[in-house]
Number of protein chains: 2
Amino acid sequence: MKKITINSVASYAGVSKKTVSRVLNNEPNVSDATREKVLKAFKELDYTPNPIARGLARNRSFIIGCLYDNPSKSYITRLQSGALAACHEHGFNLLIHPCELRAEALLENIEQLLQTSRLDGLVLTPPFSDHAELVAFLRKKGVPFARVASVKLDDDSISVRSNDEQGAFEITELLINMGHKDIAFIKGHPDHSATEQRFNGYRRALKQHGIEYQERLVEEGNFSYHSGADSARTILHLNPRPTAVFASNDYMAAAALKLATQMNLKVPDDISIAGFDNAPIARHIWPGLTTIAQPVEEMTRLAVDHLIEQINHATDEQQEGEQRQPLQLTLEAELITRESTAAPKA
Amino acid sequence: MKKITINSVASYAGVSKKTVSRVLNNEPNVSDATREKVLKAFKELDYTPNPIARGLARNRSFIIGCLYDNPSKSYITRLQSGALAACHEHGFNLLIHPCELRAEALLENIEQLLQTSRLDGLVLTPPFSDHAELVAFLRKKGVPFARVASVKLDDDSISVRSNDEQGAFEITELLINMGHKDIAFIKGHPDHSATEQRFNGYRRALKQHGIEYQERLVEEGNFSYHSGADSARTILHLNPRPTAVFASNDYMAAAALKLATQMNLKVPDDISIAGFDNAPIARHIWPGLTTIAQPVEEMTRLAVDHLIEQINHATDEQQEGEQRQPLQLTLEAELITRESTAAPKA
DNA sequence: CTGAAAGCGCTTACAG
DNA sequence: CTGAAAGCGCTTACAG
């Protein structure tokens, strides 16, 4: 059982291997008859082009790297799933690269990754998508990249985000409309742009409804369950105690819920609790968490899809002189109401 | 800024590129002086070999594929993390490949994956590690593979598992020693070998302590949260109601806990609940779940480590005629006691 | 519309 | 211990 290469196909179809290469790459300037012959040879020989050989000739790896550093496993798998979908659609592969944002040698680490794996592009997920230094570094090196769930940094990079500010606004407004006035807030990790956005949405809702902002009701978390537990401990012992807690993600909200239960507070009767992200835990606990669902897979899929198109058209564009618009999209988030929120007891 | 290749290094060091290649691959038959010269050139030129060119010449991709189909995101990321660790140690990359076990075209899907991505090997995680047909297929095709968390299928494949039977035994025994006699059991997915093993451990503990096995206390689940909720509904409405529930994983246990709480049953006072896996949810809910922790990262790391060594030594072995032992390991699981289990109320 | 030549950056097999 | 030649399976210029 010999290996089937472009040469096998060429001799089988009775053409040169350059012609085979042309139909492989959907290039023009091949007569329909010739194309048919070659296509038939592909089928009959069960030929699959060798991406490694193609990569060497074109100086490409057909691999996209995905950077992440996130405490939420479900978030990570959703990112991966969206990125994979886009990669497969274009015949690319995905290399996952978990790494620590705060590591000393982050840039060196990334540089080595690029050097050794010869990635064609990088998809940056939070908090890397907001890492200005990293973005500048990649731009300087000429490495194509796309940013997921980030703030606007500039005008010419691919970026897909969801409307965190609006989501936080809506969940806060929901609580206000239920009759809450003392609504505590647990912030996320300061390195994530989502943290500020969600905080802004919270404040905008308060303001719009004429409720005074109270600094004593705001705690700093970092998106981890543990940080949520710490923040909740402070909040739940406040006097007077707020009637609602809005945590910047579901893990921190779950921690607040667990603590409330341990303190014999009924949720939502004694205290309402809301989260953000619609992680699996939001529906796995009782009461289920009111939260905000973001289209994480779709965001990542779109970002990687455009990244690969940019990579693929890099050469064409030079010729055609036609600069394509970089994608900058904001998708909407969705409010999900569950049992953890209700009107405060009179 | 020209590209640095093996030729740049060769001319810089004043040797042939074959010699550079030799030091690159740690081959013998290079004088220390020459080796030093070349190593120095590597440093000064900041040279990194191109894995794509090397791959083409050696007919290798230096990529391991990881197959999985699992409802637990934390389990998936732990698998990935262990596999990545082993890959990086050997200069390999990891390709993640989520796919559905029950898909019609599974074997075709895998074959295409192998064809298009030219993987050097495959790591099979549950339930693929127990898929006899897939294992036979890979063996026939001569694709190196390793199996994680599987049963013994044969004598010559790499396989690393944990002692599920013993873990289930210990958790059941814990409940028995607390005074429970009516202990319900929720089974896992029938395609996972762990399902049978955990069930066996449960039965062995009952038997060893002279407690009669009651079929009415056993429900079929499939490891998903949803299936746990369904099974728990039946179990918690049993009359007489068992005093403890042991679910084959933490998601199903969490579902049972949620339902019990909704039914106003106190856990563990009215009913004890135990899970398996020590997933994050086990400590994120209240009361925390008594469960079994498995060394998933370590299992996967070991499996992939040996897989790559097998791949790397495939050629050497032929020459040396020295057949190395395939790795077949069983690691121990650890009982973790939390608040969800206690003696039954008198 | 088609093809012969050279090359991508490495390694293998052979010679010395 | 070292190197010149050929090759891995593709693509990029260039010619016709």
Side-chain angles (χ1 to χ4, degrees), chain A residues 2-39 41-42 45-62 91 115-118 120 312 314-316 318-319, chain B residues 2-39 41-42 45-62 91 115-118 120 312 314-316 318-319:
Chain A
K2 252 194 82 215
K3 254 186 297 182
I4 306 297
T5 73
I6 198 174
N7 288 307
S8 332
V9 176
S11 67
Y12 186 92
V15 298
S16 76
K17 67 185 190 185
K18 172 65 226 189
T19 299
V20 177
S21 170
R22 266 190 268 261
V23 347
L24 220 42
N25 294 293
N26 277 313
E27 286 172 30
N29 294 337
V30 181
S31 75
D32 286 352
T34 314
R35 190 178 297 273
E36 284 306 319
K37 261 196 310 192
V38 175
L39 254 18
F42 285 170
L45 264 35
D46 195 21
Y47 170 70
T48 316
N50 184 333
I52 300 182
R54 180 187 289 205
L56 180 58
R58 295 226 292 227
N59 194 24
R60 303 258 246 94
S61 63
F62 303 101
Q115 270 286 314
T116 57
S117 297
R118 312 274 158 154
D120 289 336
N312 282 340
T315 335
D316 309 8
Q318 293 179 335
Q319 302 169 327
Chain B
K2 250 193 85 214
K3 254 187 299 183
I4 305 297
T5 72
I6 197 174
N7 287 305
S8 333
V9 177
S11 67
Y12 187 92
V15 298
S16 76
K17 67 185 190 186
K18 172 64 224 188
T19 298
V20 177
S21 170
R22 265 191 269 262
V23 347
L24 220 41
N25 294 292
N26 275 314
E27 287 172 29
N29 294 336
V30 182
S31 74
D32 286 351
T34 315
R35 190 178 298 272
E36 285 308 318
K37 262 195 309 192
V38 175
L39 254 18
F42 286 169
L45 264 35
D46 197 20
Y47 169 71
T48 316
N50 184 332
I52 300 182
R54 180 188 289 206
L56 180 59
R58 294 224 294 225
N59 194 26
R60 303 259 246 95
S61 63
F62 303 100
Q115 270 285 314
T116 57
S117 297
R118 313 273 157 152
D120 289 337
N312 282 341
T315 334
D316 309 7
Q318 292 178 338
Q319 301 170 325

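- The distance from the CD atom of A:Gln115 to the CG atom of B:Asp46 is 6.0 Å, given to the nearest 0.5 Å.
- What separates CZ of A:Arg58 from P of D:dC10 is a distance of 12 Å, to the nearest Å.
- Straight-line distance from the CG atom of B:Asn29 to the P atom of C:dA13: 16 Å, rounded to whole Å.
- Considering only side-chain atoms of B:Val15, the nucleotide from C:dT11, D:dG9, D:dG3 that sits closest is D:dG3.
- Mapping A:Lys17 and A:Asp32 onto DNA chain C via the closest heavy atom, the residue that lands nearer the 5' end is A:Asp32.
- Counting only heavy atoms from C-beta on, A:Lys18 has its side chain closest to D:dT12 among D:dT12, C:dT11, C:dT12.
- If you check D:dA4 for Watson-Crick or wobble pairing at under 3.5 angstrom, you find it has no partner at all.
- Considering only side-chain N and O atoms, B:Ser31 lies under 4.0 angstrom from the phosphate OP1 or OP2 of D:dT2.
- Note that the CG atom of B:Asn7 and the OG atom of B:Ser16 stand 10.5 Å from one another [nearest 0.5 Å].
- For the pair A:Ser16 and C:dG3, the criterion of a side-chain N or O lying under 4.0 Å from OP1 or OP2 is met.
- Taking atom CZ of B:Arg22 as the reference point, atom P of D:dG3 lies 8 Å away to the nearest angstrom.
- Here the side chains of B:Ile52 and A:Phe62 are not in contact, with every heavy-atom distance at 4.5 Å or above.
- Note that NZ of B:Lys37 is 12.5 Å distant from OH of B:Tyr12, once rounded to the nearest 0.5 Å.
- Considering CG of A:Asn50 and CD1 of A:Ile4, their distance stands at 13.0 Å, rounded to 0.5 Å.
- Atom-to-atom, CG of A:Asn59 to P of D:dC10 comes out at 17 Å; the value is rounded to the nearest Å.
- The stretch residues 47-56 of chain B comes close to DNA chain D through B:Leu56, each having a heavy atom under 4.0 Å from the strand.
- Contact annotation: A:Thr19 side-chain N/O to C:dG3 OP1/OP2 distance is under 4.0 Å.
- Rounded to whole Å, atom C1' of D:dT2 lies 17 Å from atom CD of B:Glu36.
- Distance, A:Lys37 NZ to C:dC1 P: 14 Å, rounded to whole Å.
- The side-chain heavy atoms of B:Lys17 and B:Thr5, taken from C-beta on, include no pair separated by under 4.5 Å.
- Heavy atoms of A:Asn7 sit nowhere under 4.0 angstrom from any nucleic acid atom.
- Residues A:Arg54 and A:Asn25 have side chains in contact (heavy-atom distance under 4.5 Å, counting atoms from C-beta outward).
- Checking B:Thr34 against B:Arg118, the closest nucleotide of DNA chain D that is more toward the 5' end is the one next to B:Thr34.
- The distance from atom CG of B:Leu24 to atom C1' of D:dT2 is 16 Å, rounded to the nearest whole Å.
- Computed from coordinates, the A:Leu45 CG to D:dG9 P distance equals 14 Å when rounded to whole Å.
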